[in-house]
Amino acid sequence: MKIYLRFLGTLYFIGFLLHASDLFGLRLSFTKMDIIWKTWIVYLLIMDLVTSIGLWTQKSIGIACFLLVASSQLIAYTVFRKFFGDQTSLIVFHLLTVSVFFYFYRRQKHIG
C-alpha cells in the first residue's frame with residue numbers, strides 16, 4: 001500500500017503541475033476561462049498539491065483528499081458532462097485508481 005500511495009502522490013503532483021501550467025496560460029488559456037472553469041482549476045491546483053504531499057508522506061489527510069478529489073472529478077465529469085466536455089480518460093483514471101486503492105485497502109485489512 002505504501003508504494004501505491006507514493007505512486008498516487010506522484011501522479012497527483014503531476015496533476016498539480018498541469019493545473020499550475022493552466023494558471024499561467026502555458027497549457028490552457030486561463031484568462032479566457034469563465035469563472036466556473038477558473039474556480040475548478042484553482043480548486044484542483046490546491047487539492048492536487050495537498051493530496052500529493054499527503055499521499056507521499058503516508059498521512060490520512062492524503063487519502064481523504066485523494067478520495068475527495070477523485071469523487072469530485074467523477075461527479076463533475078459525469079453529471080456535468082455538458083459543461084466540462086468529454087473527459088472519458090479522467091473518468092477511467094479515477095475509477096481505476098480508486099478501485100486499486102480499495103483493493104489494497106481491503107487486502108491490508110485482511111492481513112492486519
Common cluster, Phe7/Trp56, ILVMFWY with side-chain heavy-atom separation under 4.5 Å: no
Is there a chain of hydrophobic side chains (I, L, V, M, F, W, Y, each step under 4.5 Å between heavy atoms) that links Met1 to Ile3? no
What are the two closest non-hydrogen atoms of Val50 and Cys65, and how far apart are they? CG1-SG, 3.8 Å
Closest non-hydrogen contact found for Gly62 with Thr51 is O-CG2, 3.9 Å
Decide whether Val69 and Ile61 are clustered together by the hydrophobic rule: side chain heavy atoms of Ile, Leu, Val, Met, Phe, Trp, Tyr closer than 4.5 Å, transitively. no
Which pair of heavy atoms, one from Leu45 and one from Phe16, lies closest together, and at what distance? O-CD1, 3.3 Å
Which heavy-atom pair separates Ser52 from Gly9 by the least distance, and what is that distance? CB-O, 3.1 Å
Compare all side-chain heavy atoms of Ile75 with those of Phe80 and state whether any distance is below 4.5 angstrom. yes
Specify the closest pair of heavy atoms between Tyr77 and Leu90, including all atoms of both residues, with the distance to one decimal. CE1-CD1, 3.6 Å
Do the side chain of Tyr4 and the main chain of Thr97 share a donor and acceptor less than 3.5 angstrom apart? yes
What do you reckon, is OH of Tyr43 surrounded by more than 12 foreign heavy atoms closer than 6.0 Å? yes
Distance col, row Leu96:CG vs Ile91:CD1, nearest 0.5 angstrom, shows 13.5 Å
State, yes or no, whether a side-chain contact exists between Phe102 and Leu67 at a heavy-atom distance under 4.5 Å. yes
Can you tell if the side chain of Arg81 reaches within under 4.5 Å of the side chain of Thr88, non-hydrogen atoms only? yes
What's the shortest heavy-atom distance between His94 and Tyr12, and which atoms? CE1-OH, 3.3 Å
Once you round to the nearest 0.5 Å, how far does NZ of Lys38 lie from OG1 of Thr31? 6.5 Å
Transitively linked via ILVMFWY side-chain contacts under 4.5 Å: Leu95 with Val92? no
Out of Phe30, Phe84, Phe83, which one pairs with Trp40 under the ring pair (Phe, Tyr, Trp, His ring centres under 6.0 Å) rule? Phe84
Any side-chain heavy-atom pair from Leu5 and Phe101 closer than 4.5 angstrom? yes
From the list Leu49, Val42, Asp48, side chain to side chain contact (heavy atoms under 4.5 Å, CB included) partner of Ile46 resolves to Val42
To the nearest 0.5 Å, what is the distance between CG (Asp22) and CD1 (Ile41)? 4.5 Å
Close side-chain approach of Phe93 and Leu11, heavy atoms under 4.5 Å: yes
